[in-house]
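Here is the structure we will look at, set down as C-alpha cells.
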Protein chains: 2
Amino acid sequence: MDQKATVKEIARLAEVSIGTVDRVLHGRSGVSAETKERIDAIVANLGYKPNILARQLSLNKTYVFRAVMPRADQDSGYWALCLHGIRRAARDLASFRVKVRVDEFDRYDEDSYRALLEDIVKEPGDGLLIAPVLPRELVPALGKIDTSVPYVFFDGTVEGASPLAAIGQDAYSGGYLAGRMMLLLANGREGVFVALNAHAEDRHIKLRIEGFNAFFRDQGAAASREVRELSCFELEHTESADAFLDGMFREGPRIAGILVANSSGHLVGDWLLRSGRKEGCALVSWDLVPGNVRSMREGGIDCLVSQRPFEQGREGLERLFQAVVQEEENEGDVRVPLDIFFRENLPQRPAPAALAQERHRQAASGRVDSRA
Amino acid sequence: MDQKATVKEIARLAEVSIGTVDRVLHGRSGVSAETKERIDAIVANLGYKPNILARQLSLNKTYVFRAVMPRADQDSGYWALCLHGIRRAARDLASFRVKVRVDEFDRYDEDSYRALLEDIVKEPGDGLLIAPVLPRELVPALGKIDTSVPYVFFDGTVEGASPLAAIGQDAYSGGYLAGRMMLLLANGREGVFVALNAHAEDRHIKLRIEGFNAFFRDQGAAASREVRELSCFELEHTESADAFLDGMFREGPRIAGILVANSSGHLVGDWLLRSGRKEGCALVSWDLVPGNVRSMREGGIDCLVSQRPFEQGREGLERLFQAVVQEEENEGDVRVPLDIFFRENLPQRPAPAALAQERHRQAASGRVDSRA
DNA sequence: AGTCGCTTCGTGTACGTACACGAAAAAGGT
DNA sequence: ACCTTTTTCGTGTACGTACACGAAGCGACT
C-alpha cells in the first residue's frame, strides 16, 4: 500500500510497455480488450493514483480559472473581502501553474453583466468561480457554457444550475441568529424592532428578514416583539439614508432596535450617533466591511453577523483546483458558519491597506493574477 | 516577466551549461568567481524561481512532518478539533509527497512527554507542528533540536523558543469578550459572577480570567459587577464537579453567571439543569467540543467562545509546507479571530462521526497519515 | 614531455507522466 | 502467395530540476 504505484510498475506487472498502460489509463483506443482488462485489474488492485507533480510537469499546461463577482467596492466593500480570499488562493496555487482572472461587474448594470457573461461563455477557461447574484442573466448563460467546464458558486447558489459545489451562507439562520442578538441587546427596552431591507429583490436579504421574524415568533409570549419590515432604497448614500431615518423616527412608534439586513449598517449607525438616538436603540447588521468595522468601533453598530467571505472565496478556488487539476472527487457543498462580532472581538487588523489596494484594483477589471 | 525563467534559459543567456547554473543556484563549489557572478546577475535579473513541480519530482524525497499535541480525548475533546484540521491539511498535501506523523501525549504525564520529546529530538523529520503546552519540558527540548529543523506553534506560543510562526489565540481578549457576553446574558439579574479556573497553572485560562475581570473593571459604575475567581480541580468528571457545585451554590452568595474558562462548561451546564438552577444563572464557556455543543443544545450553556482549532491545525501544517517544501518566506504569526456561538449559530453538522473516529484513533498514537 | 592534481565545466541520467511516431503483428483483400 | 490496411503495441522525447560522473584546461612538479 505504498505510493509505489507508478505506470512503470503497472507495465511490469501486466507485461506490457508503459505506453500501453498510458493508453488504458487515458481511455484511448488501440488496446485489445484482453490486455485492457488485465491492466484495469492491476490498476484497481494497486489503487493507482497518478503523480500530480509529474503529470503537471509533463502536461506543461497553464490552467486559467475565471472568477466572476460584483465590483469590489459595491455593497460597502463586501466583495473586496471575497476577492481577498480569492487572491490568497491564487497566490497559493500559482506554483502549480494556475492563473486566476477576476472579472468584476457592476451589479446595477445588467447590460454590462450580460456582455461579460457572453465573453465568459466564449472563453470560460478551465473553470469558473461565480458569485450567483443576478440569476436571471446568469442561469441561461451557464446553460450555454461547454459542459466540460466546471463551475463553483460562492456567496450562495441558484436554482437551475449544476455547480461542482456551492459555498454559501445560510441566510435564514443568520437572520434567526440576528434575532437572538437583538433580543439580548435590547433586553428590557420598550419599542418595536425595525428590519430594513435595502434591496427588495435580493434573496439573501429576504431570507435574513424571514429568519429574524421567525425568531421572535418562536419566542414565548414573554419575549415576543413586534417586527416591522421596511424597504428602503435610500440605504446607499449618507444623505438619502439620513433623510429616510429622520422620517422613520419622526413618524413611527418607539424603536428599540434596528436590523439592517445587508452591509450598510454603518449608515444607520452614523445617523444614530449624530442624531443622539443611539441610546435606547440597538443596531445589528451584516458583514465586516470597513465602514461597519469603523462604526462598530465608534459605538454606532452593536453587533455584526458575518459569513466568512474570505474563506468562501478561498475555498471556492481551492475546490476548482482540486477538481480540475488534482482530479479529486467533489466533496459536496459547504455551508460556512455564522460568525458574530461585537466591539470586543473585532479583528485587530482589519487590513485597511489591503482593502484599499483592492478598491484601487477594481478600476482595472479583468486582471490576471499570477506569480511564477 | 513570464514564468519562462528556467535553468536552461539562464544557461543560454550566461553561455554556460545547465550544470554550471545548477551549481551556482545550490551554492556548490566548482565555479569560477567570474561566471558565478555573471549567473547570479542573470538569476536576479530574471527573478528566477525554481519550478517546484520539477524540483519535487527530481528530488524524489518524501517530507515527514511531525505533529505533537495532547491526546485528542483530553480537554473534553478539544484536541480532536485541532487534529481534524491537521488531518485535513495532511490530506491536501499528500499529493506533494508530504507525510504527517502525529504524536499525542498525555498532558498529565510529564514523564511520557519527556520521552516523546527525546524521540523527537532524535528524529525530528523535516519540520514540527507543536502545541506548546507544558513549556517547562518543551523549551529545553527545542534547544537541543537541530537548528535546521523548523517548527511552528499552534494553540499558543511560549517564551524562549524561535518558531517559524506561532498560530494562536488571544486568550485575554477572549476573556474580555466573554465578559461582554456575560453582561448581555445576565442583564438585569442580581448576583455575582464566578470565574472557574480548572487548571491553575494553565496560562491561557489565567489570561482569559484576567480579561474577564478587566471587562467588568472597564465598565462604568452602572454595569460593574463583582467577579469571584475560584480554582477547582473538580471540573474533570461529573461526580466531582457536582459535589463542588453543590457546595458553591449552598455556601456562596447569589450567582448571576458562571464563566468556565476552559472547555468543561458542559459539566456545569449539566448540573445547572439537573439542579434546577439554570434559570437565573448564565453560563459561558470555551470551545465547540462535543460535550459543550450538546449542553448548549439542551440549554445548559448559553454562550461559547472559540478560536478555530481546526483552522489553527490546518494553517500550521500549511505553513510548514510553505516554508520547507515551497521555500517561501515566513509570513509571521497568526492570531485567529474570536468566534462566539449561541444555540442559533451552532454548526449544523458537528461531525460526530468524524470526532468519534478521532477519539478512536488516539488509542494508536504516533500513526503516520498519508495518502498516495 | 609526462604525470599528477586541481579547477572548471559539460553531459548523461533520473524522477513519473503524456503523447507522437513508428514497428510489429494480425486481419483483410486480390 | 503477396500487398494493403488495421490493430496492437513499444520506443523515444519532452517537461524542469538535481546530481553524479567524467572531460577538458591549466599549472606544477618530477
Side-chain angles (χ1 to χ4, degrees), chain A residues 2-40 42-43 46-63 94-98 126 324-327 372, chain B residues 2-40 42-43 46-63 94-98 324-327 371-372:
Chain A
D2 285 30
Q3 72 282 32
K4 279 284 181 187
T6 82
V7 175
K8 198 192 280 181
E9 176 71 1
I10 296 170
R12 196 180 60 79
L13 292 173
E15 292 173 317
V16 292
S17 77
I18 60 169
T20 304
V21 177
D22 185 68
R23 270 181 285 266
V24 172
L25 286 174
H26 291 77
R28 261 177 287 154
S29 63
V31 182
S32 68
E34 185 185 17
T35 52
K36 172 168 159 47
E37 207 168 326
R38 185 155 38 102
I39 291 174
D40 275 336
I42 296 175
V43 166
L46 262 59
Y48 170 77
K49 282 271 219 167
N51 182 324
I52 312 162
L53 299 165
R55 155 176 293 176
Q56 283 283 90
L57 189 61
S58 175
L59 275 175
N60 202 16
K61 160 173 183 161
T62 301
Y63 292 89
S95 305
F96 306 109
R97 284 216 170 84
V98 170
D126 302 288
V324 176
V325 181
Q326 311 228 49
E327 293 187 354
Chain B
D2 287 29
Q3 73 280 33
K4 280 280 181 190
T6 82
V7 175
K8 199 194 279 181
E9 176 70 3
I10 296 171
R12 197 181 60 78
L13 291 174
E15 293 174 317
V16 292
S17 78
I18 59 168
T20 305
V21 176
D22 185 69
R23 271 180 285 266
V24 172
L25 287 173
H26 291 79
R28 263 177 286 153
S29 62
V31 182
S32 69
E34 185 185 17
T35 53
K36 172 167 160 46
E37 207 168 327
R38 185 153 37 103
I39 292 174
D40 275 336
I42 295 175
V43 166
L46 261 60
Y48 169 78
K49 283 271 220 166
N51 182 325
I52 312 163
L53 299 165
R55 156 177 294 178
Q56 282 283 91
L57 188 62
S58 175
L59 275 176
N60 202 18
K61 158 170 185 163
T62 301
Y63 292 89
S95 305
F96 307 109
R97 285 217 170 84
V98 170
V324 176
V325 181
Q326 311 229 50
E327 294 188 352
R371 191 155 322 208

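These numbers were taken from a predicted model, which means no experiment stands behind them. Lettering follows sequence order; numbering is per chain, from 1. When reading the values below, keep in mind they use all heavy atoms of this one structure, side chains included, and skip hydrogens, waters and symmetry mates.
The ring pair (Phe, Tyr, Trp, His ring centres under 6.0 Å) search around B:Tyr48 returns none, not counting sequence neighbours. Every residue two or more places apart in sequence or in another chain was checked for a ring pair (Phe, Tyr, Trp, His ring centres under 6.0 Å) with B:Tyr63, and none qualifies.
The shortest distance between the side-chain N/O atoms of B:Thr20 and the OP1/OP2 oxygens of C:dT8 is not below 4.0 Å.
One finds the OG1 atom of B:Thr6 at 9.5 Å from the CZ atom of B:Arg12 (value rounded to the nearest 0.5 Å). Note that NZ of A:Lys36 and CZ of A:Arg28 are 12.5 Å apart. Values are rounded to the nearest 0.5 Å. Once rounded to the nearest 0.5 Å, the distance linking CG of B:Asn51 with CG of A:Leu53 reads 9.5 Å. Distance CD1/A:Ile42 to CD/A:Glu37: 11.5 Å, rounded to 0.5 Å. Rounding to the nearest 0.5 angstrom, the gap separating the NZ atom in A:Lys61 from the CZ atom in A:Arg55 is 12.0 Å.
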Report each atom pair, protein N/O against N/O of nucleotides 12-16 of chain D, whose distance is under 3.5 angstrom.
unit_1 : atom_1 : unit_2  : atom_2 : d
D:dC15 : O2     : A:Leu57 : O      : 3.4
D:dC15 : O2     : A:Ser58 : N      : 3.2
D:dG16 : N2     : B:Ala54 : O      : 3.3

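Across every non-hydrogen atom of A:Ile10 and A:Ile39, the tightest pair is CG2-CG2, 4.2 Å. Across all non-hydrogen atoms, the minimal contact from B:Ser29 to B:Arg23 is O-CD, 3.6 Å.
Axis angle, first five pairs versus last five pairs of the helix from C:dA1-D:dT30 to C:dT30-D:dA1: 80°, rounded to 10°.
Spacing between atom CD of A:Glu15 and atom P of D:dG10 amounts to 10 Å, rounded to whole angstrom units. Counting to the nearest Å, the P atom of C:dC9 and the CZ atom of B:Arg38 are 8 Å from each other. The CZ-P distance, from A:Arg23 to C:dC21, rounds to 14 Å in whole Å. One can place CG of A:Asp22 at 15 Å from C1' of D:dT8, the figure rounded to the nearest angstrom. Taking atom CD on A:Gln56 and atom P on C:dC19, their separation rounds to 12 Å, with Å as the unit. Atom pair B:Glu37:CD and C:dC9:P shows a separation of 13 Å (rounding to whole Å applied). Taking atom CZ on B:Arg12 and atom P on C:dC9, their separation rounds to 19 Å, with Å as the unit.
Sorted by residue number, the members of residues 26-35 of chain A with any non-hydrogen atom under 4.0 Å from DNA chain D read A:Gly30, A:Val31, A:Ser32, A:Thr35.
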In a table with atom names and distances, give each donor-acceptor pair under 3.5 Å that connects a side chain of residues 13-21 of chain A to protein atoms at least two apart or in another chain.
unit_1  : atom_1 : unit_2  : atom_2 : d
A:Ser17 : OG     : A:Gly19 : N      : 3.3

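Between A:Glu327 and A:Ile52 there is no side-chain heavy-atom pair separated by less than 4.5 Å.
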